[in-house]
Structure formats: structure tokens, C-alpha cells
Amino acid sequence: MAAYDHKKVEQKWQKRWEDSQAFRVSDSPKKKLYVLDMFPYPSGSGLHVGHVEGYTATDIYSRYKRMQGFDVLHPMGWDAFGLPAENYAVKTGVPPAKTTNDAINTFRAQIKRLGLSYDWSREIGTHTPEYYKWTQWLFVKFFNEGLVYKKKALVNWDPVDQTVLANEQVLPDGTAERSGAKVVQKELEQWFFKITDFADALVDDLDEVDWPESTKINQRNWIGRSEGAEIEFDISNSKEKIKVFTTRPDTIFGATYMVLAPEHALVEGFAERSENKSEILSYVEAARNKTDLERQEGQKDKTGVEIQGVKAINPASKEEIPIYIADYVLGHYGTGAIMAVPAHDERDHEFAEKFNILIKEIELKDPKEMTKKVGGTWVKNYRLRDWLISRQRYWGAPIPIVYDREGKAHAIPEEQLPWMLPTDVEFKPTGTSPLGQSKELLERTEKIFGKGWKPEIDTLDTFMCSSWYFFRFADPHNEREFASKEAMQKWLPVDLYVGGAEHTVLHLMYARFFTKALKKFGIITFNEPFLKLRHQGTILAEDGTKMSKSKGNVINPDEVVERYGADSLRLYEMFMGPFEAMKPWNTQNILGVRRFLERVWTIFENEQGFMQDSPSVEKSQETALHQTIKKVGEDIENLKLNTVVSELMKFISHNGLQRANVEDTRRVREIFLALLFPLAPHIASELAEIYNYKIAHWPAYDNSRLTSATVPVAVQVNGKLRATIELAADVGEGEALQAARTDANVAKWLALGKEVRAVYVPGKVINFVIGQS
RNA sequence: GCCCGGGUGGCGGAAUCGGUAUACGCGCUCGACUUAAGAUCGAGUUCCGUAAGGAAUGUGAGUUCGAGUCUCACCCCGGGCACCA
């Protein structure tokens, strides 16, 4: 037979899988399993080795589960709307649709070259009208259910490029990443999702999913639930009250001043009555012009101004206390006002020192009792804010809203969906949303709804497209629903979800929010979309730094596939280290797995080379076989894929089973190929075909053959290893100790002192403790 | 600053209900094959020591017959959050 030619073998099997639609899953699953990758943004630079890591892991898991008889839904699609394609269009004039479709074609071809077992009949792209019709439908559904609202919000405004910027596009010094202009805050009407309605469920239901603990903690921190009291403070000579939120009502006796956020509703009225009106108003104006980032910078040096002539009354001590306005208090959290306790709170302390305010030492009381005493109520608060979904961008799903002549917003009715993204738009920053240029969009609106009606010209945050795609995979071609209830019932929730750790907060939070909302609407019946979640670790460049185009240290998976083959790349990426760990690339190490596959190839070729038939059956080798089957299965189950590769290497290594005398060589070879198949499917399929092995089913192991008749036991004297002896697995303590004592080396050490005690751990270790003599 | 995760050979990493540390691979050394190189195959490879033996899992203590694994303190690296009252 010819030498191992990875190109020939891999092309052959990829074509065969494609032609036979081998991974197309049944529509009526008997044992369902839904294994999902976070679908990629099809960037122009193509597939990255990081993608390969995650996709290979889910592929191994899917193939393994299919061999166990599961109907595995394992789909792939494209998170195709987004900024890079639009920025590229601004630079070159090439329409984002063209760039995106080209990139998708590249990605698909690259993925197929890896031999990944996706059901391509379910492929979706979020930028297609067939898909975004349902993104828009869901927006309308949420709108009708009262989970969408519009309000004025402060956004980052770039006065040079005349555009709104995302927070990530503003540099820490408050200038725009692109234009270098000083970014200002501008109030614009924006659409929001009421994600805060689900804050409690988003925290509580984390208890029921199998996710990395750190990811759960990130989510909890982001939601930032805290419990405390809302307490009203009276104002001297006024009926007005200031309501504060505090987690420490027990410190109220130490509240020697109050602070209002500059945005607080009472500020204006207080300024009118104050003795320093202009000072107050200019402080508020200055705060308003600061970006969030600039306000955070003030952390080390707090600013503020007292409202002179207006005092509050501490409800516990009944003392009159001053009121300040300071931007270290945030308008959007709690009540936008605090009782400041400088003796107890670091930030208040810093402020009080700077402004010479009384710092009063206090005795602590019981928090809930104190709350009751001062007429407060016990409440929960969240740092989570509603989700702003308007984007002043072109390459996204148009928000399906039109405005009547009075400017009132109306949802576009279902029969008009998809509300098409217009194409008569130039990709130049003009100061308003690009859709505002489209004559077609305006004419369409007037034609359908009437003269004077205007379309919404913002698009939806692309995170919305990815918040529901896992439902669509259950029923990707449905033209009447985003997915039928039956299909979702059949396939969801996702059993295993794998993707990068960079999405621990936003995407996962939004997808969970959608799930909870749809459950509330009565469309689905489960709480959580992703039962088990794992993150692949970042793959670093050979020099241990992050891969980056500018450093020229990016590894292109295509080149690796070309040179070593997809099976080698798959095996190598799994062998690198623990799945979730960050690990450096090392081209030398690929040679190791490539050599392993070549050895496998040769061993199958040469009947003499591998586990020759032998009349005598060594029990312990048979045991090793069963142990290997068990360990490989368990490790795949737990995505401990690096040790799976180790096990397989050991299996054929010259120190391992290759020299074994196992009763049936063919039987062992068949088992080995079946174990190899999920990891390196091309070569395993080829060898199975050539030599006529059946590897469709995952091999079973025999519990009774997992332990062998004799086991090595370590013998220690005072904790130091002095011998290793072979004992019957079921030997009694007395006999075991006796055997150990007769070992020459052990005896030598035992002679050095008086034996105090002996510890016997069956199958593991014997430890003699001897006293000094 | 706070919250997570992690420090094991020359390198990537195994091993955590406490029980033979360094599996598997890379690299390296020696040998076989070869005119030679490469590939392949075989032997070896934590450190010190000719050996007997000793030491070692970031550092220092502790618990234990026995600690990479448990406890305490500290150092370093990586990630996330960062005025949330």
C-alpha cells in the first residue's frame, strides 16, 4: 500500500461526506443532542486557528455522540452583520453585502477542509432577508409585549466625522479612535430592550446551568444585584424629600452630608433657591459634557459643589446636614442620590476630607431594624442597565418602525417583513444614519403607510441577531415562524455550547434574556438556552504573544492543512494543552502528531507490526485495553481532549499495547480505529475501509476486566520509596505486609530502626514507619 | 483596588476523594540503516552524584505515616470588573 497521503485521503472523504449528506440530522430524533459552536463573524482575514480549536472540540464530541446512537444537531452559520464590512465599504466603496458573501464563501470552504461534521442543510446567515425578517419580527413582538421602548440617551458623538460612536471606539483620553476628535456627549432618541425586567431571573437561573464558574461570576457582577434600603431625607423648610439608596442603613448616624448626581431631578429647583446658583449650574454643565470615561478618570480627584442655603435632615440623628452635587454619584444607579458616610465609605471619606465636611465616628446598628426606624423600605438594586439597541449604522437589520405624521412610532406589520435594507446608500460618514440617505426607503414607507410617514433609519445592534440564532437552527427554513414550537421542543435547549471567553457577558446575557422573554410569551417552555458551556483558550503565537497581523505571527490554518493535513491539525490543536487554557503555538509539535498518524498508517499496513496474534492471552494487556476505552470516552465527555490524544498515542506506542499479546488482533485494531475516528476521521475512515473494519459504533468496555489480577504496590519506609512489589489485587493486609518485609531492599531499611507502625493502602502503597535507633 | 484562574523537567504539558511526581509529545544525546544528509527504527533523557544515595512541583511555615494536591502568610503571571453607594 502507498504511503500516507493526507491530501488524497482527506479530499476523498470530504467529498464522500458531502455527496452523501452524511451529517444531515433526522427531523424526528429519537435521542436528541444539540451541539453548538458560537457562530463566527466572517471576517475578511479568514478562519483563525482559534476557531479551529473550538470547532474541532465540538466535532469530536458530536461524532463521539453519534457513535453512541444520538441524533446530533450540529449546525453552522454566519453572524454576518457588523462594522468591519461597513468600514471597509467606507474606505473602498465595495458594498458590505459583497465583502460579507465573499468572506462567507472563504470560511465555508476552510471549514469543510477541516472535515467538520456540520449539517450544512441548516446553514444560516444573519444578513439574509430570510433571516432578518425574523430578527425584525422578534423586535416587533418585544415591542408589542412592552419590552421595547424609546427614550433619550446620551451617546458618544464625534463632531468631526459627524457620527455616533460605540464606547469601544472612544479612546481612554476621550478622543475618537478614527478621527482623533474630542468626543462629546449628545442626547439622541434611542431604542432600548427592557432587559432589566429579567434581572432576578438572569442571576438566579445561573444556578441551574453547567457553565464555568468564572463566567457565572462575570454575569452576576455585570448584573450587580445588591440589597439595601431606600430612605427619604427631609429638606429644611420644604416639603421636598431626597430619596437615597444605601446598602448600609446601619451607618445612617454617620451620614453627615448628602450628594446628588448632577443629573438628579431636584438639582434645578435647589439651584434656584441657593445662594450660589451660577456655580451650581456651571458644575452641572461641565459634568454633562464629560464622557463616562472622563467621569471615571475623576476617581482619584473628586469634584463637587455645595448647594448653599439648602439643607437636609438626617432622619436618625435629626441633624441638619449639607447637600452637595458631585459627579462621583451616578444618575442612573439607585435613586441618583446618596447619604454620604465619610467614616465608613472610602469615596465619601475622600470627598469629605477635600471639602472639610464633618467625619462622624459611629456605632453600627442592625440594618433592617434601622431601615424600619427611619421609615425606609428594603429593596433590591441592579447595576445592569437596559440594552440600547439602536445603531447609527448601515450594515445591520433595519429597525422595523415607521413614524406617522405626528412622529408617533408604529411597528411595521408582519406582512411587510422583511423590512428590506436599502441599497441606494453611499458609505460615507454624513452625520446621520446612512439609511437616512435612501430615497427608496422613504418612498417605500410613504407608498405603504402614506404621505408624510417616515422610516426609522437606525439599524439593530448585531448582538440582537445573535441572540436568537440557536432557535433558528432547529427550523432554519421555516417561512411562517422564526422556528416552530415543535422544532424547538424537539431540539432545544442547546446541550453543549462552545465559544470564546470574550463573550462571557454580552452575547450570553442577551441570549438568555431572549430565552426568558420568549418563555414569558409562552412560546417556549425552558428557562435557559445553553445547558453546558465551555470556552476554548486563546492560542498564542510561537513567541508567546498574541497573534496579530501587524506582528506577522499569525498562523494560517490553510497552510497547516496543506502541509500536514486536517487530521494532524485537529489532533495537534487538541493535544496542545487543556482546552480552556491559553497556550502557545509550536510548529515542531505538529510533527509529533503527524508522526503518530504515519505510524498508525504503517502499522495497519504491516500485519506483523501491531499486536500479533498469539495463543497466550495476557490478562493485564486485555485490562489495559478496557481501561483505554473507558478513559478515552470519559475524557471526550469532559472535553479533556489533550489526554485523549495521549491515550491513543500510548495505545500504539512500542511500550504499550503494540507489544501486547491480545487474543484477537483484528478486534483490537477495530477498537483502536473507532477510538481514533472522532479525532482524526479521515484517516480512520480510510483505514477502516481498506482493511474492512467496522467503526460506526463506540466500543464498549467490560467493567469486570478493568482491574487486573496483580497490581504494583509501592513500599515506603518513613515515606521514602524503597521498592515496588507486585501483589495480588485482593491480597489481605497481613500477607501484603509480609511480602513487603521480605523484599531485600525494604528489609535493609527496616533494619535501621524499630518498626512503630505500618500503613497499608490496598493497590497503592505500604508505608513502614520506623523509629530512630 | 476588588473578583476569578494559574505557577510542575530545556519546552507544551500529565497526575488533585492526600498514596510510586514528571504520563504523552517536542527537543536533545547515543546507536542502527545510509557514500552522506534527511526520514525511519532502537536506547536514554528532572537535577546533583561513578555509585550507594540525596534533592526537587513559585517562596516560607503548618497538618499528616504520607502533601503538587489540604490550611495560613507571601511573591509572580494571566483574565475580568473598576466611583454601582
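This one's a predicted model, so the numbers in the text were calculated from it and none came from an experiment. Here is the naming used below: chain letters follow the sequence lines, and residue numbers restart at 1 for every chain.
- Heavy atoms of A:Arg225 sit nowhere under 4.0 angstrom from any nucleic acid atom.
- Nucleotides B:G66 and B:A55 place their P atoms 14 Å apart, quoted to the nearest Å.
- If you take atom P in B:G78 and the same atom in B:G10, they sit 22 Å apart, rounded to whole Å.
- For the pair A:Arg595 and B:C26, the criterion of a side-chain N or O lying under 4.0 Å from OP1 or OP2 is met.
- Across B:A32 and B:G25, the matching P atoms stand 24 Å from one another, rounded to whole Å.
- Contact check, A:Gln716 against B:G66: no side-chain N or O comes under 4.0 Å of OP1 or OP2.
- Comparing B:G44 with B:U34, their C1' atoms are spaced 23 Å from each other, to the whole Å.
- For the pair A:Glu350 CD and B:A82 C1', the computed distance is 14 Å after rounding to whole Å.
- In terms of phosphate contacts, A:Arg594 brings no side-chain nitrogen or oxygen within less than 4.0 Å of OP1 or OP2 of B:U40.
- Taking the C1' atoms as reference points, B:C33 lies 23 Å from B:U45, given to the whole Å.
- Under the 6.0 Å cut-off for aromatic ring centres, A:Tyr257 and A:Phe355 do not qualify, their centroids lying 6.0 Å or more apart.
- A salt bridge links A:Arg220 to A:Asp207: at least one charged side-chain nitrogen sits closer than 4.0 Å to a carboxylate oxygen.
- Summarising the local packing, NZ of A:Lys546 is surrounded by 12 or fewer heavy atoms from other residues, nucleotides or ligands at distances under 6.0 Å.
- A donor-acceptor pair under 3.5 Å is formed between the side chain of A:Gln627 and the backbone N or O of A:Leu706.
- A close approach under 4.0 Å does not occur between any side-chain nitrogen or oxygen of A:Tyr328 and OP1 or OP2 of B:A85.
- For A:Asn589 against B:C26, a side-chain-to-base donor-acceptor contact under 3.5 Å is absent.
- Distances shown here put a side-chain N or O of A:Lys720 below 4.0 Å from the OP1 or OP2 atom of B:A55.
- Checking the phosphate oxygens (OP1, OP2) of B:A85, no side-chain nitrogen or oxygen of A:Arg383 falls inside 4.0 Å.
- Spacing between atom OH of A:Tyr572 and atom C1' of B:C24 amounts to 14 Å, rounded to whole angstrom units.
- Between the CZ atom of A:Arg757 and the C1' atom of B:G66 there is a distance of 10 Å, given to the nearest Å.
- Taking every heavy atom of residues 730-739 of chain A and every atom of RNA chain B, no pair lies under 4.0 Å.
- Comparing the P positions of B:U57 and B:G9 gives an interatomic distance of 9 Å, to the nearest angstrom.
- Side-chain atoms of A:Thr587 and A:Glu542 form a donor-acceptor pair, as typed in the model, at a separation below 3.5 Å.
- Between A:Asp250 and A:Arg248 there is a salt bridge, since at least one side-chain N of the basic residue sits less than 4.0 Å from a carboxylate O of the acidic one.
- One C1' atom belongs to B:A43, the other to B:U35, and the distance between them is 26 Å to the nearest Å.
- Applying the 4.0 Å criterion to OP1 and OP2 of B:C65, one finds that A:Asn718 has every side-chain N and O outside that range.
- With RNA chain B read from its 5' end, the first of the two nearest nucleotides for A:Lys640 and A:Ile217 is the one closest to A:Ile217.
- The same atom, C1', is picked in B:C11 and in B:C2; the two are 35 Å apart, to the nearest Å.
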Represent RNA chain B in dot-bracket notation, 5' to 3'. Only Watson-Crick or G-U wobble pairs with both distances under 3.5 Å count; pseudoknot-style crossings use [ ] and interstrand partners use |.
(((((((..(((......[....)))((((((.......))))))(((....)))..(((((..]....))))))))))))....

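- Of the candidate nucleotides B:A15, B:C83, B:U20, B:C83 has the atom lying nearest to any side-chain atom of A:Asp327.
- At a cut-off of 3.5 Å, with distance as the only test, no side-chain donor of A:Ser568 or A:His6 sits close to an acceptor on the other residue.
- Here the side chain of A:Asn767 pairs a donor or acceptor atom with the backbone of A:Gly719 at under 3.5 angstrom.
- In summary, the aromatic rings of A:Tyr564 and A:Tyr572 are positioned with their centroids too far apart to meet the 6.0 Å limit.
- Taking side-chain N and O atoms only, A:Ser226 has a distance below 4.0 Å to OP1 or OP2 of B:A85.
- Residue A:Ser214 is the one, among A:Pro712 and A:Ser214, whose nearest nucleotide of RNA chain B lies closer to the 5' end (criterion: closest heavy atom).
- In this structure, the nucleotide among B:A23, B:G66, B:G80 sitting nearest to the side chain of A:Asn218 is B:G80.
- Put simply, A:Lys748 has a side-chain N or O that comes within less than 4.0 Å of OP1 or OP2 on B:G53.
- If you take CG of A:Asn767 and P of B:G19, they are 13 Å apart, rounded to a whole angstrom.
- In this view, A:Lys764 satisfies the salt bridge (Lys or Arg N to Asp or Glu O under 4.0 Å) rule with no residue, not counting sequence neighbours.
- Minimum interatomic distance between A:Asn553 and A:Ala541 (heavy atoms only, all atoms of both residues): ND2-CB, 3.3 Å.
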